[in-house]
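Report on the following structure.
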There are 2 protein chains.
Amino acid sequence: MSAATPSNHPPLLAEAPAGADTRTRIRHAAARLFARRGYAGTGLKQVATDAAAPFGSIYHFFPGGKDALAEDMIRTTGPQFMALVLGLLEERADPVEAVVHAFDSAAEELVADSYADGCPVATMALDVADTNEPLRRAAADVFAEWLDGGTAWFSRHVARDRARDLALAMIMLTEGAFLLGRTTRDPGPLRAAGRTMGTLVQSALDATPRGPRSR
Amino acid sequence: MSAATPSNHPPLLAEAPAGADTRTRIRHAAARLFARRGYAGTGLKQVATDAAAPFGSIYHFFPGGKDALAEDMIRTTGPQFMALVLGLLEERADPVEAVVHAFDSAAEELVADSYADGCPVATMALDVADTNEPLRRAAADVFAEWLDGGTAWFSRHVARDRARDLALAMIMLTEGAFLLGRTTRDPGPLRAAGRTMGTLVQSALDATPRGPRSR
DNA sequence: GTCTATAATACGATAGAC
DNA sequence: GTCTATCGTATTATAGAC
C-alpha cells in the first residue's frame, strides 16, 4: 500500500532548479558546500561562484552573513533529511524489512554520488560544537526533531521507551555509517548498519508480545 | 583478573607534560585544536600559541606544514583512542557488561570535559573526506585498524563474521553517540549506545550456543 | 634549533556605483 | 536588486637573523 515510489529520491543537495531565483541558488550552493567541506572550509566567495550569483547578493539575502546562511542550511536540510529517511521506511510494511531497506537505499545513493553526500548536518555539527553556540543549538534542535520523529515511527510497533532507544540507535548508526562510508569509500558500513538495525527491531518486537502499542 | 584500573583514563587530548620538548608540545596542541575545531577551523598560529612554541618551529619539526601535522595527529590519536576503548572493555569480564561499562565510562568522561572531546578523528575525517585525499586515507586507515581490533576482541566470544558486524556497530554507535552527545550536550546518547550494544552482544551470544569461538 | 618578520594569498564583510 | 571594488584581517608558508 504505502510502498509507492521505489527510489525517486529527492535531490536534497542537488543544484538549484533551472530557473531558480538568486536566493534559491545561493541556498542550494551553500548547502552543498557546507555539507561537503564543513563550516570553516566553506568560503562565501565560492558559494557565490557556485550559485552563479554576485558576491554582494549573499549579504543582500542573508544580512547575518555566513552564520545566517549556515543556520538556514542546518534548519532546512535537517528536516529534509529526516523526511527522506522516513519516506524510505514507508516503502516496506514490515518494520524489520523497512530499516534494512532504508539503509540499503542509502548505501546505493552514497555510491551513486561518489561518496560525497552523507548526513548534511553531521560535518557542520562537529565543526561548530565547540566554537559557535547558535549553530550548535541549531544542530541540536535538528537532532531533537529527528529523535521525536523516529520515536513516533517506531512507536507504531513497540512500546514508547523501546521506540526511543530504537530511534536513537537508528540516528547514531546512520551517522556512524555515513562517517565510515564516506571516509573509507565503502557502502559496506551502511549495509551493516541496516542489518544491525534489523536485529534491534526484531529484538524489540520479540519483547513486545501484544499488539503494536503496549501502554 | 584483567579488571585492573577502574578509570584512570589516559589524557589523550590533554596538554603536553610539564617539561615536554617543543615537538611534543606542538603535537599535543595540534591534536586538541584539530579534534575540537576541525581541519580548516584550526590555525597554525593558534597551534603555536597553545604550544607556547615559536611559529617557525612548526615548520622546523613538520616540514610538510599543516597537512603533515594533521596526518601525524590522525595516525597517532587514532590508535590511542582504540587502546583507550579496549582498555575500558577489559575492565569487565562479561562481554555484555563490558560494552555497557565502556559506554558509561565514555559518557562520564564527556561530561567531565564539558562535552569538548569526543572521537579525535571524526571531525577531521568529515572535514577532509571530500577535499584532502591523503588525510582521507589516513582516517580510513585508522578506521580499518579499529575494525580489525574490534573484530579480534569480539571474536573471543562469537564467530568471526558476527564479531565483525559487532565491531562495526560498536564503531558506528560510538561515533554517532559522540556526535549527538557533543551537539546536544547530553551524555544520554552514549549510555543509550551502551544499552544497544549490550542487546546486540547478547543476541550474538544467544546465536552462538557452543563455546567462545565457533569455526 | 629558536625565534621574528614578512611575503603571498584568502577570508568575511562593507560601501557604493549602477 | 545587481554587481564590483575594496577594506581589514585572517590564513599558510618562507626567509633569514640570532
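Chain letters run A, B, ... following the sequence lines, proteins first, then strands; residues in each count from 1.
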Would you say B:Leu88 and B:Phe103 make side-chain contact, with heavy atoms under 4.5 Å?
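They are not in side-chain contact.
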
Please report the closest heavy-atom contact between A:Gly65 and A:Tyr59, naming both atoms and the distance.
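Looks like CA-CE2, 3.5 Å.
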
Heavy-atom pair with the smallest gap, counting every atom of A:Asp127 and A:Ala40:
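In this case the closest contact between A:Asp127 and A:Ala40 is OD2-N, 4.5 Å.
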
If a pair satisfies side-chain hydrogen bond (donor to acceptor under 3.5 Å, both in side chains) and one of its residues is in residues 36-54 of chain A, list it, with sequence neighbours excluded.
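Every side-chain hydrogen bond (donor to acceptor under 3.5 Å, both in side chains) pair that includes a residue of residues 36-54 of chain A, provided the two are not neighbours, is A:Arg36-A:Asp117, A:Tyr39-A:Asp67.
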
If the helix axis at each end comes from five base pairs, how far does the helix from C:dG1-D:dC18 to C:dC18-D:dG1 deviate from straight, to 10°?
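Terminal axis comparison yields 10°.
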
Listed partners of B:Arg27 passing side-chain hydrogen bond (donor to acceptor under 3.5 Å, both in side chains), at least two apart:
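B:Arg27 satisfies side-chain hydrogen bond (donor to acceptor under 3.5 Å, both in side chains) with B:Asp72 only.
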
For A:Asp104, side-chain hydrogen bond (donor to acceptor under 3.5 Å, both in side chains) partners two or more places apart
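So A:Asp104 forms no side-chain hydrogen bond (donor to acceptor under 3.5 Å, both in side chains) with any residue.
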
Return all side-chain donor-acceptor pairs below 3.5 angstrom for residues 170-188 of chain A, not counting sequence neighbours, or 'none' if the list is empty.
{"from": "A:Thr174", "atom 1": "OG1", "to": "A:Met170", "atom 2": "O", "distance (Å)": "2.6"}
{"from": "A:Arg182", "atom 1": "NE", "to": "A:Ala116", "atom 2": "O", "distance (Å)": "3.2"}
{"from": "A:Arg182", "atom 1": "NH2", "to": "A:Ala116", "atom 2": "O", "distance (Å)": "3.2"}
{"from": "A:Thr183", "atom 1": "OG1", "to": "A:Leu179", "atom 2": "O", "distance (Å)": "2.7"}
{"from": "A:Thr184", "atom 1": "OG1", "to": "A:Leu180", "atom 2": "O", "distance (Å)": "2.7"}
{"from": "A:Arg185", "atom 1": "NH2", "to": "B:Ala129", "atom 2": "O", "distance (Å)": "2.9"}
{"from": "A:Asp186", "atom 1": "OD1", "to": "A:Gly188", "atom 2": "N", "distance (Å)": "2.9"}

Testing A:Leu200, A:Asp165, A:Thr199 for side-chain contact (heavy atoms from CB on, under 4.5 Å) with B:Thr199, which one passes?
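Going through A:Leu200, A:Asp165, A:Thr199 one by one, the side-chain contact (heavy atoms from CB on, under 4.5 Å) with B:Thr199 is satisfied by A:Leu200 alone.
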
Partner set under salt bridge (Lys or Arg N to Asp or Glu O under 4.0 Å) for A:Arg164, not counting sequence neighbours:
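Partners of A:Arg164 under the salt bridge (Lys or Arg N to Asp or Glu O under 4.0 Å) test: none.
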
Apply salt bridge (Lys or Arg N to Asp or Glu O under 4.0 Å) to B:Arg191 and list each qualifying residue two or more places apart in sequence or on a separate chain.
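With sequence neighbours excluded, B:Arg191 shows a salt bridge (Lys or Arg N to Asp or Glu O under 4.0 Å) to no residue whatsoever.
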
Under a 4.0 Å heavy-atom cut-off, which of residues 62-72 of chain A touch DNA chain C?
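Those residues are A:Gly65, A:Lys66.
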
Contacts to DNA chain C from residues 27-58 of chain B, heavy-atom cutoff under 4.0 Å, which residues?
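Those residues whose heavy atoms fall under 4.0 Å from DNA chain C, taken from residues 27-58 of chain B in numerical order, are B:Pro54, B:Phe55, B:Gly56.
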
Interface limits on DNA chain C, where chain A has a heavy atom under 4.0 Å of a nucleotide atom
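First and last nucleotides in contact are C:dG12 to C:dT14.
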
Under 3.5 Å, which donor-acceptor pairs link side chains of residues 11-26 of chain A to any protein atom two or more places apart or in another chain?
{"from": "A:Asp21", "atom 1": "OD1", "to": "A:Thr24", "atom 2": "N", "distance (Å)": "3.0"}
{"from": "A:Asp21", "atom 1": "OD1", "to": "A:Thr24", "atom 2": "OG1", "distance (Å)": "2.5"}
{"from": "A:Arg25", "atom 1": "NE", "to": "A:Ala51", "atom 2": "O", "distance (Å)": "2.8"}
{"from": "A:Arg25", "atom 1": "NH1", "to": "A:Ala20", "atom 2": "O", "distance (Å)": "3.1"}
{"from": "A:Arg25", "atom 1": "NH2", "to": "A:Ala52", "atom 2": "O", "distance (Å)": "3.2"}

Show me the donor-acceptor pairs within less than 3.5 Å that the side chains of residues 141-149 of chain A make with the rest of the protein, sequence neighbours left out.
{"from": "A:Asp141", "atom 1": "OD2", "to": "A:Arg75", "atom 2": "NH1", "distance (Å)": "3.1"}
{"from": "A:Asp141", "atom 1": "OD2", "to": "A:Arg75", "atom 2": "NH2", "distance (Å)": "3.2"}
{"from": "A:Trp146", "atom 1": "NE1", "to": "A:Gly78", "atom 2": "O", "distance (Å)": "3.0"}

